[in-house]
Protein chains: 2
Amino acid sequence: MSKSQPKFRRTAPAVRREALVDATLRCLKKYGHDGVSIRKISAEAGVSIGLINHHFPSKSGLIAETYESLARSLRESASEQSSGKNATSRERLSGFFQASFAPTLADPELFNVWIVFWSMVRHSEEIRAVHDRTYDDYRGVLESLLSELARCGDAPKFKLRQAAIGLSALMDGLWVELSLSPATVKPADAIALCEDWVSALCAGSFARLLK
Amino acid sequence: MSKSQPKFRRTAPAVRREALVDATLRCLKKYGHDGVSIRKISAEAGVSIGLINHHFPSKSGLIAETYESLARSLRESASEQSSGKNATSRERLSGFFQASFAPTLADPELFNVWIVFWSMVRHSEEIRAVHDRTYDDYRGVLESLLSELARCGDAPKFKLRQAAIGLSALMDGLWVELSLSPATVKPADAIALCEDWVSALCAGSFARLLK
DNA sequence: GTTGCTATTGTACGATCGCTCAATTACCCT
DNA sequence: AGGGTAATTGAGCGATCGTACAATAGCAAC
């Protein structure tokens with residue numbers, strides 16, 4: 001009966017915070033909205049109930065940080081597939097679509113996590129701030145990809161921001177349908193619809209987007 | 001001190017159930033996910049805690065019926081604006097867009113209600129059944145509107161189902177963005193993007209949708 | 001006026017919730 | 001080796017949750 005094992009291990013706050021954020025993400029995937037629970041998250045992380053409030057001011061603070069972390073992770077995953085050096089702007093967009101609707105990102109579990117964040121935007125100031133930043137960044141990525149189209153002469157001049165709003169809406173909507181109705185909508189359908197949308201943009205078929 | 005007022009009034013089950021469904025909808029609008037509470041709903045309806053479980057087998061049964069009721073209501077609202085007798089198929093689609101993004105339907109409160117339903121699709125069999133039925137109906141309305149386009153010769157032959165999936169995704173996504181980022185996306189933008197999408201469809205610019 | 005049916009009430013129960021805080025103890029530093 | 005720091009624990013608080021169930025009472029039928 002020697003004291004071979006310490007009861008717990010002290011960890012640098014930054015590391016612990018990240019571990020708690022990871023556990024939160026796993027909980028949201030597993031339980032959906034019911035996963036937003038200090039008790040479930042601490043159990044998932046293998047720590048005591050009290051530790052979370054030592055590292056985070058409140059539950060919503062932890063959720064907000066998880067939102068921020070996941071958004072960054074997804075943005076990086078999708079972006080790295082659209083950053084080929086020797087690719088045309090159109091090919092980069094295709095890569096972005098492929099990555100966005102690959103099983104890793106178009107995952108029903110991830111959708112459920114996102115739903116939890118969306119449901120908190122209206123009532124939590126912290127979450128809304130993260131959402132606004134996240135959505136700006138996302139639209140910015142799309143604007144950047146679309147602006148290359150116009151610059152390379154592949155498309156007529158169009159209203160960049162409105163186009164990005166439209167494309168992000170199309171992608172978001174397809175992502176929702178993929179997650180909620182996987183039997184009806186397939187990833188290949190989603191990609192085809194996005195490709196067609198870009199083709200129509202290049203063809204100048206979106207009259208109200210031209211300038 | 002005469003017993004002028006009865007303590008409560010007995011009501012036909014069908015009427016009471018409808019009143020409870022209405023109260024549930026008001027609660028979801030007010031409190032979002034926190035509104036999914038027997039106590040809050042019964043307070044909103046002005047009845048006792050126990051009455052709900054007398055008329056509904058469980059909480060999720062009540063939510064499912066509220067989902068069904070709201071979906072029907074929204075579908076009817078949007079459809080009646082697209083049923084002009086002396087309208088072209090294109091005009092009917094425009095009416096559908098106008099109605100769908102009017103303040104009454106593109107309401108952040110309604111979005112929050114919808115989010116609650118979406119968040120329950122994965123873990124509740126009852127809710128999933130309602131979702132599947134609802135989404136089929138919605139896509140059916142769009143397919144019907146789009147099929148007129150082709151029939152009237154306003155558009156080349158295209159894959160009806162895929163087109164409906166694409167248009168419903170675009171509309172859903174725009175509806176999400178309108179609700180979550182009302183400062184960035186305006187109803188007029190949403191309508192314009194939908195109109196452009198239909199125009200591109202009529203122009204045959206969606207190569208992957210043609211057949 | 002009386003009876004019967006049942007819609008309705010409201011208490012009770014056990015579970016879970018977020019958060020607090022004093023006690024504990026792992027680990028770095030000298 | 002031993003002391004100081006602070007990461008960690010876990011019991012406890014008050015609140016809320018969904019559901020069960022026995023008691024109550026509105027209302028229609030006779």
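Convention: sequence-line order gives letters A, B, ...; per-chain numbering from 1.
- The separation between A:Y31 atom OH and C:dC17 atom C1' is 15 Å, rounded to whole Å.
- B:V15 comes within 4.0 angstrom of nothing in the nucleic acid, heavy atoms only.
- Side chain of A:K30 to main chain of A:L25: no donor-acceptor pair is present (N/O by atom type, distance under 3.5 Å, no hydrogens or angles).
- The distance from atom OG1 of B:T184 to atom CG of A:D136, rounded to the nearest 0.5 Å, is 6.0 Å.
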Base versus backbone protein contacts along nucleotides 6-14 of chain C [heavy-atom cut-off under 4.0 Å; B, S, -]:
BBBBB-B--
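- In summary, the side chains of B:Y135 and A:E177 do present a donor paired with an acceptor at a separation below 3.5 Å, with no hydrogens or angles considered.
- A salt bridge is defined here as a Lys NZ or Arg NE, NH1 or NH2 lying under 4.0 Å from an Asp or Glu carboxylate O, and A:R72 with A:E68 fails to meet this definition.
- Taking the six-membered ring where tryptophan is involved, the planes of B:W114 and B:W175 are perpendicular, since the angle between them exceeds 60° and thus also 30°.
- Each end of the helix from C:dG1-D:dC30 to C:dT30-D:dA1 yields a helix axis from five base pairs, and these two axes differ in direction by 0° (to the nearest 10 degrees).
- In 5' to 3' order, the nucleotides of DNA chain D bounding all contacts with chain B (an atom under 4.0 Å from a heavy atom) are D:dC17 to D:dC27.
- Listed for the B:E65 side chain is no donor-acceptor partner under 3.5 Å among the backbone atoms of B:L62.
- Remark: A:R75 is not positioned above the aromatic ring of A:Y138, lacking an NZ or CZ atom under 6.0 angstrom from the ring centre and at most 45 degrees off the axis.
- A side-chain donor from one of A:R90 and A:S199 sits under 3.5 Å from a side-chain acceptor of the other.
- If you measure from atom NE2 of A:H33 to atom P of C:dT16, you get 19 Å, rounded to the nearest angstrom.
- In this structure, A:I38 atom CD1 and C:dC21 atom P are separated by 16 Å, rounded to whole Å.
- A:Y31 carries A:K40 over the face of its six-membered ring, with the cationic atom under 6.0 Å from the centre and within 45° of the normal.
- Taking 4.5 Å as the limit, every side-chain heavy atom of B:E44 sits out of range of all side-chain heavy atoms of B:D22.
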